[in-house]
Amino acid sequence: MRKKIVAANWKMNLDLNQGAELINDLFNGMPELGDNKLVVIAPPYIHLTQTAEQLAGMADVHLAAQNCHYEASGAFTGEISAAMLKSAEVEYVIIGHSERREYFKEDDAMLAKKVNQALSNGLKVIFCCGEPLSVRDAGTQNSHIENQIKAGIFHLGDAQLKNIVIAYEPIWAIGTGRTASSQQAQDMHAHIRNVIAARYGADAANNMSILYGGSCKPSNAAELFACPDVDGGLIGGASLKAEEFLGIIEAM
Ligand code: 13P
């Protein structure tokens with residue numbers, strides 16, 4: 001049975017004190033999640049060891065990084081390897097976020113290498129895909145997303161695929177307050193599941209968690225998460241305030 005996941009992507013926000021306070025507030029307000037449901041927190045790198053210590057008492061809350069490098073080690077000043085993340089008790093890593101693709105020129109080939117680094121170091125991957133508004137307006141979003149998924153993960157074997165979560169984040173919905181409608185989300189998530197099924201079979205597709213991201217809030221989360229192929233969310237802005245993020249967790 002596939003997992004329901006609500007994941008926080010803090011992006012480049014919060015200093016160490018603010019991060020500690022937020023985790024503390026989440027700890028105090030966290031509901032019982034029940035079977036097959038989990039929360040993932042992706043703070044900036046500098047928070048990871050502190051957050052790992054804080055999460056030690058929270059069995060349902062897992063730690064993620066927002067990125068890793070595509071090589072194992074070496075002369076890459078300022079970068080962080082997948083092995084370093086593993087040693088910091090990180091369990092998941094976000095790869096392919098549209099902000100990385102756009103601002104840091106991460107292309108499909110680089111993302112596939114990052115996926116390999118993450119998996120070979122025992123990390124699970126939250127692989128992001130999403131179309132810009134121009135693609136949505138042209139009506140070619142399905143092939144756009146299919147191409148991103150093929151390029152990023154289709155080289156993986158069946159066993160490796162089990163460690164992949166997909167996050168569909170339409171770029172026009174990120175940080176804009178303009179959420180995809182639940183129908184738009186459901187249509188794309190069903191498409192993604194079909195794409196996975198065609199390559200890996202129906203069981204693998206049914207077991208894959210596919211998250212929605214883009215202006216997800218307590219007020220729209222329940223409707224989005226009620227869609228049969230939406231298995232939770234990857235949350236940016238609303239993950240920075242305990243009350244809002246807890247509201248989204250409640251919706252799950
Ligand atoms: P917002 O929730 O702020 O729209 O961001 C979504 C996102 O990019 C999560 O990775």
Side-chain angles (χ1 to χ4, degrees), residues 4-14 18-19 22 26 38-45 47-48 51 61-68 85 90-104 106 111 114-115 118 123-133 135-136 141 144-145 148-149 152-153 164-182 184-185 188-189 192 209-225 227 230-252:
K4 301 259 184 206
I5 302 173
V6 166
N9 177 7
W10 291 1
K11 307 191 180 183
M12 195 174 74
N13 293 295
L14 307 180
Q18 293 166 327
L22 176 52
L26 293 176
L38 56 105
V39 169
V40 174
I41 312 270
Y45 287 136
H47 290 251
L48 288 170
T51 309
V61 187
H62 302 254
L63 187 60
Q66 298 173 17
N67 183 27
C68 70
L85 297 177
V90 170
E91 206 178 320
Y92 290 82
V93 58
I94 298 171
I95 291 177
H97 195 282
S98 59
E99 289 150 16
R100 302 286 325 168
R101 292 178 192 257
E102 182 179 353
Y103 305 135
F104 302 96
E106 296 190 357
L111 296 175
K114 289 189 178 210
V115 168
L123 299 171
K124 299 186 184 88
V125 170
I126 300 174
F127 185 80
C128 300
C129 54
E131 81 284 359
L133 189 57
V135 168
R136 172 65 59 169
Q141 64 272 12
H144 186 92
I145 297 303
Q148 286 182 327
I149 290 174
I153 63 172
I164 304 285
V165 171
I166 290 181
Y168 169 59
E169 301 203 301
I171 297 170
W172 45 272
I174 295 178
T176 59
R178 181 183 164 190
T179 319
S181 69
S182 51
Q184 286 172 318
M188 183 57 82
H189 284 227
I192 292 170
S209 301
I210 306 176
L211 314 183
Y212 168 79
S215 298
C216 190
K217 301 181 278 279
S219 58
N220 58 29
E223 188 184 334
L224 286 161
F225 298 171
C227 299
V230 177
D231 304 312
L234 180 54
I235 320 299
S239 75
L240 299 172
K241 297 204 176 95
E243 199 182 313
E244 288 190 30
F245 192 55
L246 286 167
I248 294 171
I249 293 169
E250 289 282 354
M252 167 171 72

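One-based numbering, in listed order, for ligands and for the atoms of each. Keep in mind the model is a prediction, meaning the values are calculated, not measured.
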Practice problem: Quick one: sort the Y212 and H189 rings into parallel, tilted or perpendicular, breaks at 30° and 60°. | Solution: tilted
Exercise. Work out whether the distance between some heavy atom of S239 and some atom of ligand 1 is less than 4.0 Å.
Key: no
Quiz item: Thinking salt bridges, do K217 and E244 make one under a 4.0 Å N-O criterion?
Solution: no
Quiz prompt | Polar contact flag for E169 and ligand 1 (N/O pairs, less than 3.5 Å) | solution = yes
Practice problem: Please work out whether any backbone atom (N, CA, C, O) or any side-chain heavy atom from C-beta onward of A173 is under 4.0 Å from ligand 1, and answer side chain, backbone, both or neither. | Solution: backbone
Quiz item: Taking only heavy atoms of L234, which atoms of ligand 1 are found under 4.0 Å from at least one of them?
Solution: 9 (C), 10 (O)
Quiz item: Quick check: does G236 get an N/O under 3.5 Å from an N/O on ligand 1?
Solution: yes
Quiz item: Is there a donor-acceptor pair closer than 3.5 Å between any side-chain N or O of Y45 and the backbone N or O of N67?
Solution: yes
Quiz item: Between the side chains of E91 and H62, is a donor N or O closer than 3.5 angstrom to an acceptor N or O?
Solution: yes
Quiz item: Can you find a non-hydrogen atom of K11 under 4.0 Å from ligand 1?
Solution: yes
Exercise. Decide whether Q66 and H97 meet the rule of one side-chain donor and one side-chain acceptor closer than 3.5 Å.
Key: no
Self-check item: Euclidean distance, L246 CG relative to L26 CG, rounded to 0.5 Å
Solution: 5.0 Å
Quiz item: If you round to the nearest 0.5 Å, how far is CG of L38 from CD1 of I249?
Solution: 10.5 Å
Quiz item: Quick one: does R136's side chain get under 4.5 Å of M188's, heavy atoms only?
Solution: yes
Exercise. From atom 4 (O) of ligand 1, work out which of C128, G213, G175 has a heavy atom at the shortest distance.
Key: G175
Quiz item: Hey, is N9 touching ligand 1 through its side chain, its backbone, both or neither, going by heavy atoms under 4.0 Å?
Solution: side chain
Quiz prompt | Atoms of ligand 1, numbered as shown, that sit under 4.0 Å from any heavy atom of G214 | solution = 4 (O), 6 (C)
Quiz item: By number and element, which atoms of ligand 1 are closer than 4.0 Å to a non-hydrogen atom of S215?
Solution: 1 (P), 2 (O), 4 (O)
Exercise. Note the single closest protein heavy atom to atom 3 (O) of ligand 1, along with its residue, its atom name and the distance in Å.
Key: G237 N, 2.8 Å
